[in-house]
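Below, chain A is the first sequence line, B the second, and so on; all start at residue 1.
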2 protein chains.
Amino acid sequence: MSINVLVVDDDKIVRDSMKIILSMDGDINVVGTSSNGDEAFEFCRHNRVDVALMDIRMPVCDGVLGTKKIKETFPSIKIIILTTFNDDEYIVRALKNGASGYLLKNISPDKIIKDIKAVHSGNMLIHSDVAKKIGELLSLEKKDNYSAYNLKNNEIKIMQLISDGYTNKEIAGKMFLSEGTVKNKISDILRKLNLRDRTQIAIYYLKGGKLK
Amino acid sequence: MSINVLVVDDDKIVRDSMKIILSMDGDINVVGTSSNGDEAFEFCRHNRVDVALMDIRMPVCDGVLGTKKIKETFPSIKIIILTTFNDDEYIVRALKNGASGYLLKNISPDKIIKDIKAVHSGNMLIHSDVAKKIGELLSLEKKDNYSAYNLKNNEIKIMQLISDGYTNKEIAGKMFLSEGTVKNKISDILRKLNLRDRTQIAIYYLKGGKLK
DNA sequence: TTTAAAGAATGACTTAAGTCATTTAGAGTG
DNA sequence: CACTCTAAATGACTTAAGTCATTCTTTAAA
């Protein structure tokens, strides 16, 4: 029971070399190659594919969209996104669409083979560089970010409470301060972060301390 | 160059059986066992550990906290969270703390061994069931949720703009409405969602339409 | 035609938010 | 002791937010 692999990349050299590399392993059977997401989807409709190795930047139909199409119709096909880029946007979108792996191209042949097998056995596999990004995307390192704006613990506490939806009076009650002091502190926060009002503070905070 | 593995679980039976299972593989060397996160941290300070298999629910110091402690002092040690539970809260917290893998306990011995090797080689590995959760956490079908409250497209659009930090006047300009109308519509939204003010709307929206 | 129903607008009103100058009190430093 | 820094508070003020009753359409239904 070998693993049927489809290679999807707009670059013919990559397609061919990938095919050669993967064919070195007895368990892997490269059943075809496609040059964009649409072709890959068509191929899947007419052939049995277990794992698709998918480039992300391709003309006509990119890897994200290709993943979506294939996954919608053939949820059992595992998709590994394979790219030279390390782009936040792509990671999230591809994972949302059901990609099972996210590997960088500069990886050794035997590692790719191992990874294909891991994904085929049902796991989700993410390259360590990419994994770091995901950690960040799951909102991380808030404190470092805040300290860059010289925010005090007190002020961060107020940001949290604003982001929980409390009024100034409620915040004052919880922190044993007067309402006026809370207002003043909010003014300080707004100045430091260059924001306009409490709603923007909540947005800023909930998005993990990243502006814009 | 075998992989030095530490098994962390409060249940002695799990510890022992895991040790036996892992020792069947020539590349894996179980160097020790601990019964909670603190013990594991202490063990890491005195022994060379490559990979720690960590249960999540343990007395004294649970797996999430254990991961944090170990990762802070020994970032090169890979940690695999191993649990019978499939809990959103834990997943995110453990990943934030730097866990490299998240596996469910009902997994075959040879698969655990494979996974340990995959993690040791630098990848992040997530069990497919857990991966689904992450996908949900990253995306979240907002629209279904909103329709439950009879929100109109217009009102959802206003929610979006509030959550981008705009004032009523700016929203009015973007939607070609008067400021008064925007105010009225916000009152409608607040009534439907049982919220108090625009900040709570933004919080509600940014958290994916989940109240509480 | 009458009658609703829904979208947008207006004006008057109340209140929470945010700004700012100023004051007070404690803690540390020279 | 005088000096400085900081945290907290106050009061007066401006403005954005939110509520509500009412009006004016337009569209659709009876």
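Residue A:R196 has no polar side-chain atom (N or O) positioned under 4.0 Å from OP1 or OP2 of C:dG18. Here B:K185 reaches the OP1 or OP2 of C:dA8: one of its side-chain N or O atoms lies under 4.0 Å away. A close approach under 4.0 Å does not occur between any side-chain nitrogen or oxygen of A:S187 and OP1 or OP2 of C:dG18. Look at B:N154 and you won't find any side-chain N or O under 4.0 angstrom from OP1 or OP2 of C:dA6.
Going from atom CG of A:L195 over to atom P of C:dG18 covers 11 Å, rounded to whole Å. In this structure, B:R191 places its CZ atom 9 Å from C1' of D:dT19, rounding to the nearest Å. Regarding B:I186, its CD1 atom lies at a distance of 17 Å from the P atom of C:dA16, rounded to whole Å. Rounded to whole angstrom, the span from the CD1 atom of B:I189 across to the P atom of D:dA17 amounts to 14 Å. Between the CG atom of B:L193 and the C1' atom of D:dG18 there is a distance of 15 Å, rounded to whole Å. The separation between A:R198 atom CZ and C:dT15 atom C1' is 13 Å, rounded to whole Å. Per the geometry, CG belonging to B:D188 stands 15 Å off C1' belonging to D:dA17, to the nearest Å. With rounding to whole Å, B:K157 atom NZ is found 18 Å from C:dG7 atom C1'.
The two residues A:K183 and A:N168 have their closest heavy-atom pair at CG-ND2, 3.8 Å.
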Quiz item: salt bridge (charged side-chain N to carboxylate O under 4.0 Å, His left out) between B:D16 and B:K12: does it pass, once the steps are laid out?
Solution: CA-CA 6 Å; B:D16 292 347; B:K12 181 165 163 49; 3.0 Å; yes

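Few gaps surround NZ on A:K117; more than 12 heavy atoms of other groups in view lie less than 6.0 Å from it. When the shell of 6.0 Å around CZ of A:F41 is examined, it contains more than 12 heavy atoms from other residues, nucleotides or ligands.
You'll find the side chain of A:I79 reaches within 4.5 Å of the side chain of A:K71, heavy atoms only. Side chains of B:I56 and B:Y102 form a contact here, defined as non-hydrogen atoms less than 4.5 Å apart. In this structure, the side chains of A:L103 and A:I81 stay at 4.5 Å or more apart for every pair of heavy atoms.
Comparing atom distances between the A:L190 side chain and each of D:dG18, C:dA17, C:dT19 picks out C:dT19 as nearest.
For residues 165-184 of chain A, proximity to DNA chain C is found at A:T167, A:N168, A:K183, A:N184, defined as any non-hydrogen atom under 4.0 angstrom from a strand atom.
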